[in-house]
Amino acid sequence: MADKRIMTPEEKALLQAGHRQEEAEARNRKKERDARTHRLVQERKNVPL
């Protein structure tokens, strides 16, 4: 079985900061995808059929 090691407060804070950074990056990627989709839809509206 794996060793159960207690994390220091500094380790925990660092791990949480990493998770917060990952979440922020994921939100930014979603915003970029949504903005790109919106632009493509708007461009498609302006194309005559």
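- Counting only residues at least two apart or on different chains, the salt bridge (charged side-chain N to carboxylate O under 4.0 Å, His left out) pairs with a member in residues 31-40 are K30-D34.
- Clustering of Ile, Leu, Val, Met, Phe, Trp and Tyr by side-chain heavy atoms under 4.5 Å joins L15 with M7.
- Side-chain atoms of E43 and L40, non-hydrogen and from C-beta on, do get closer than 4.5 Å to each other.
- Distance OG1/T37 to CD/Q42: 11.5 Å, rounded to 0.5 Å.
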Under 3.5 Å, which donor-acceptor pairs do the side chains of residues 19-29 form with other protein atoms, sequence neighbours left out?
| from | atom 1 | to | atom 2 | distance (Å) |
| --- | --- | --- | --- | --- |
| Q21 | NE2 | E25 | OE2 | 3.0 |
| N28 | ND2 | A24 | O | 3.4 |

